[in-house]
Amino acid sequence: MRLKIKLFSHVLRHGLYPLSFHFTRQLASSSSSSSSSSSSSSFSQELATNLQILCSTGHLDYALTDMARLGLQMKFHEYDTLINECVKQKSLRGGQRVQAHMIKTQYTPSVYLGTRLLILYNKCDCLWDAQQVFDEMPDRNVVSWTDLMSAYSKKGYASEALNLLVKMLRSGTEPNEHTFSTALTCCTGVYGLEHGMQIHNLTIKTSFQSHLYVGSSLLDMYAKAGEIHEARLVFEDLPQRDVVSCTAIISGYAQLGLDEDALKLFHRFQKEGMASNYVTYASVLTAVSGLAAYETGKQIHSHILRSKLPFYIILQNSLIDMYTKCGQLNYARKVFDKMSERTVISWNAMLVGYSKHGMGTEVSNLFELMRKENKVKPDKVTFLAILSCCSHGHMENKGLQVFDEMMSGKDGIVPDIEHYGCIVDLLGRAGKLEKAFEFIKKMPLKPNPAILGSLLGACLVHSNLDIGETIGYQLLEIEPENPGNYVILSNLFASKGKWDNVRMIRNLMEIKAVAKVPGKSWIEIDQTLHTFHSGDQSHPKMELVYGKMKELLVKLKEYGYCPDLSRVLYDVDDEQKEKIVLGHSEKLALVFGLIFSPKGKAIRIMKNLRVCVDCHSFAKVVSRVCEREVFMRDKNRFHHIVNGVCSCGDYWVFHLTSTDAERPCNHDLLVGIDMYIFSIGRSQMKDPATTI
DNA sequence: GTAGGGTTAG
């Protein structure tokens with residue numbers, strides 16, 4: 001027999017396979033001198049052996065032919081071998097033939113074989129067929145239930161998957177660790193936490209909560225529900241950890257924007273000797289991107305290179321994203337250009353990067369290249385990046401043309417509310433408010449607060465009370481918790497001298513007790529992040545910062561910088577006002593960078609909200625006087641300032657000064673934060689009670 | 001046999 005296999009393998013290797021069974025039979029009979037005639041049963045036995053050999057050598061089609069020849073002689077072992085090979089090759093056709101053979105020969109598969117068939121269909125992405133097999137099974141076991149559940153979950157049918165869990169428990173089948181880890185991945189969305197907690201209870205009752213896989217799913221479930229504290233407790237309670245559980249907790253922090261915690265954990269795990277894989281790095285890079293911690297990002301990139309990981313597309317995408325968010329477009333482009341294969345996310349990450357930097361030409365060229373290569377189709381995000389860039393870069397015609405291109409349906413994309421939002425923003429910024437309003441009325445989707453807010457902002461910039469009032473009241477109704485809406489509407493009324501309306505909005509805001517997000521800025525020096533708040537005194541080097549600020553101010557004033565005191569809402573003298581304005585978090589971070597980074601090195605500052613107009617002017621003058629390149633990343637975009645000129649083109653500053661120097665810019669107000677929230681020029685104020 | 005963590009946009 002050993003000789004037979006050896007010879008047969010040789011034949012297979014040398015391409016003489018079509019002789020198939022007859023050939024092997026001859027080999028078998030010539031190697032056996034004891035018998036010259038084969039009985040029917042030994043014939044079947046040889047056929048069955050042949051089938052095994054064919055499967056073990058990956059010749060599924062021939063094995064299936066042997067199955068047909070075997071007819072009623074097909075038994076458990078042969079079916080099992082065949083199905084295993086079908087699973088290995090993900091052969092749907094093979095599975096269908098095996099199942100058809102079972103039906104034809106009236107073979108009743110065991111629970112095990114039925115489950116293998118079900119697994120096969122799921123591997124071939126045929127959920128419907130799997131469900132059919134499942135429905136026809138007289139008995140099921142934990143594997144059948146769990147695999148079907150997993151298939152529903154992978155297809156995104158989380159509630160169907162959870163329904164299966166309930167049915168399984170009702171049927172009396174006991175769940176195992178696979179069942180729980182699968183079930184927990186279904187616990188996302190509105191009822192995710194509620195269901196997840198119930199499953200958590202079950203895992204405690206069945207003592208599975210400390211299982212490594214179950215624990216990872218559990219902590220991930222809590223993190224995705226925003227319950228990071230609970231996730232951390234589960235993680236700390238795990239009796240053992242591995243790269244997946246460690247990555248899950250890092251990613252949990254990163255996805256919630258708790259980037260510093262994510263990085264701290266990563267560094268801790270590294271010290272403890274934990275191995276990282278590409279998922280770990282992708283998660284850490286998300287945190288680095290959030291913080292724009294360029295030096296840390298570079299270090300992690302070199303770690304990745306040293307670790308000799310294969311060039312995973314996902315990891316390269318994360319690197320592109322990290323570099324663009326750190327303002328290093330050249331590095332991002334290098335990673336992008338070196339990719340041997342790209343997904344739509346690679347293109348999008350690069351396009352979004354250019355878009356955030358207002359680089360319209362680069363966005364346009366890259367999109368053209370994407371079309372030319374024609375390997376990857378653009379998706380909704382691609383168009384969002386392009387439309388958003390057109391909107392910020394005053395490319396009205398180009399934006400409308402791209403929108404039409406998307407609407408033509410050639411890419412099979414149905415525009416989302418965000419795409420319509422870009423067009424409203426585009427028209428609003430261009431001052432075409434009536435057109436934007438009409439566009440909103442005609443669009444097939446219900447306008448969301450972002451769209452209405454964008455138009456309201458444009459109404460303030462372009463002084464249109466008619467549309468602004470209509471939109472503003474709608475907005476206060478559907479988004480009463482956003483302070484920006486109240487402030488913009490109030491300013492719009494104030495700009496037209498409608499003080500009663502201003503007072504009314506102010507009262508409304510007080511009644512609703514609208515919360516404001518505190519502004520903060522940060523800078524990375526030697527891989528350490530230094531965070532500042534308005535008027536900050538907490539940083540140990542603050543004395544140095546204020547000293548430098550004082551010294552700098554003399555020079556800056558010589559170059560024409562004058563702190564904009566009109567934006568301070570407190571009723572204090574000018575000296576105090578100047579102190580407040582100079583205490584803005586962006587300025588503190590910038591001056592800190594001037595002191596603690598080498599001369600001539602670019603300074604990179606991040607802010608969690610929109611940058612204030614005065615800080616923007618301050619940074620521009622600093623870049624000239626101190627001969628420093630300044631990168632400021634705010635909530636919405638990048639400001640790359642070189643020798644007093646900013647890449648943003650001062651769009652909103654332009655509107656502020658060209659129409660009314662005292663009037664606040666809408667973005668500044670949308671921020672709704674720091675110490676300068678209400679910024680109507682006091683010289684305009686006729687009624688002191690109108691000061692918020 | 002079945003199971004856990006990941007990348008762009010808003």
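Chain identifiers are assigned alphabetically (A, B, ...) following the order of the sequence lines, protein sequences preceding nucleic acid strands; residue numbering begins at 1 within each chain.
Between A:Glu362 and A:Arg333 there is no salt bridge, since no side-chain nitrogen of the basic residue lies less than 4.0 Å from a carboxylate oxygen of the acidic one. Ion pair A:Glu236/A:Arg232 flagged as a salt bridge, since at least one NZ, NE, NH1 or NH2 atom sits closer than 4.0 Å to an Asp/Glu carboxylate oxygen. Under 4.0 Å is where a charged nitrogen must lie from a carboxylate oxygen, and between A:Asp634 and A:Arg610 at least one such pair does.
Picking from B:dG4, B:dG6, B:dA3 the nucleotide with the shortest atom distance to the side chain of A:Ser283 gives B:dG6. Proximity note for A:Asn176 (side chain, C-beta onward) versus B:dT8, B:dG4, B:dT2: the nearest is B:dT2. In this structure, the nucleotide among B:dG1, B:dG5, B:dG4 sitting nearest to the side chain of A:Ser245 is B:dG4. Comparing B:dG1, B:dG4, B:dA3 against the side chain of A:Asn141 picks out B:dG1 as the nearest. Of the listed nucleotides (B:dT7, B:dG4, B:dT8), B:dT8 has the atom at the smallest distance from the side chain of A:Asn348. Nearest nucleotide to the side chain of A:Lys224, out of B:dG6, B:dA9, B:dT2: B:dG6. Which of B:dT8, B:dG4, B:dG1 sits closest to the side chain of A:Asp321 comes down to B:dT8. In this structure, the nucleotide among B:dA3, B:dG1, B:dG5 sitting nearest to the side chain of A:Tyr112 is B:dG1. Which of B:dG4, B:dT7, B:dA9 sits closest to the side chain of A:Ser217 comes down to B:dG4. If you check B:dG4, B:dG5, B:dA3 against the side chain of A:Leu212, the one that comes closest is B:dG4.
Backbone-only engagement by A:Thr286 is indicated by non-hydrogen atom pairs under 4.0 Å involving sugar-phosphate atoms exclusively. Among the heavy atoms of the strands lying under 4.0 Å from A:Ser251 are primed sugar atoms or P, OP1, OP2 only; no base atom is included. Within 4.0 Å of A:Val344, counting heavy atoms only, lies no atom of the nucleic acid at all. Note on A:Asp379: nothing from the nucleic acid sits closer than 4.0 angstrom, heavy atoms only.
Residue A:Lys154 has no polar side-chain atom (N or O) positioned under 4.0 Å from OP1 or OP2 of B:dG4. Between B:dA3 and A:Ser150, a contact under 4.0 Å exists linking OP1 or OP2 to a side-chain N or O. Dashed line: the shortest gap from a side-chain N or O of A:Gln255 to OP1 or OP2 of B:dT7 is under 4.0 Å. At B:dT8, none of the side-chain N or O atoms of A:Lys380 fall inside 4.0 Å of OP1 or OP2 (strictly under the cut-off). The phosphate of B:dG1 (OP1 or OP2) has no side-chain N or O of A:Lys123 nearer than 4.0 angstrom.
Note: CG (A:Leu285) to C1' (B:dT8) measures 14 Å, nearest angstrom. We find that CE of A:Met350 is positioned 15 Å from C1' of B:dT7, with the value rounded to whole Å. Note: CG (A:Leu351) to P (B:dA9) measures 11 Å, nearest angstrom. Atom P of nucleotide B:dG1 and atom CG of A:Asp147 are separated by 13 Å, given to the nearest angstrom. Note: NE2 (A:His178) to P (B:dA3) measures 8 Å, nearest angstrom. A:Leu256 has its CG atom 12 Å from the P atom of B:dG6, to the nearest Å. Look at NZ on A:Lys635: it is 11 Å from P on B:dG10, rounded to the nearest Å. The CD1-P distance, from A:Ile300 to B:dT7, rounds to 15 Å in whole Å.
The aromatic ring centroids of A:Phe180 and A:His211 lie 6.0 Å or more from each other.
Below the 3.5 angstrom threshold, one finds a donor paired with an acceptor across the side chain of A:Thr247 and the base of B:dG5. Looking at A:Asp242, its side chain comes within 3.5 Å of the base of B:dG4 through a donor and an acceptor atom.
Between A:Phe367 and A:Phe383, the ring-plane angle classifies as perpendicular under the 30° and 60° cut-offs.
Residues A:Ala275 and A:Val243 come closest through the heavy atom pair O-CG2, 3.2 Å.
The only member of A:Leu366, A:Asp379, A:Thr382 that meets side-chain contact (heavy atoms from CB on, under 4.5 Å) when paired with A:Trp347 is A:Leu366.
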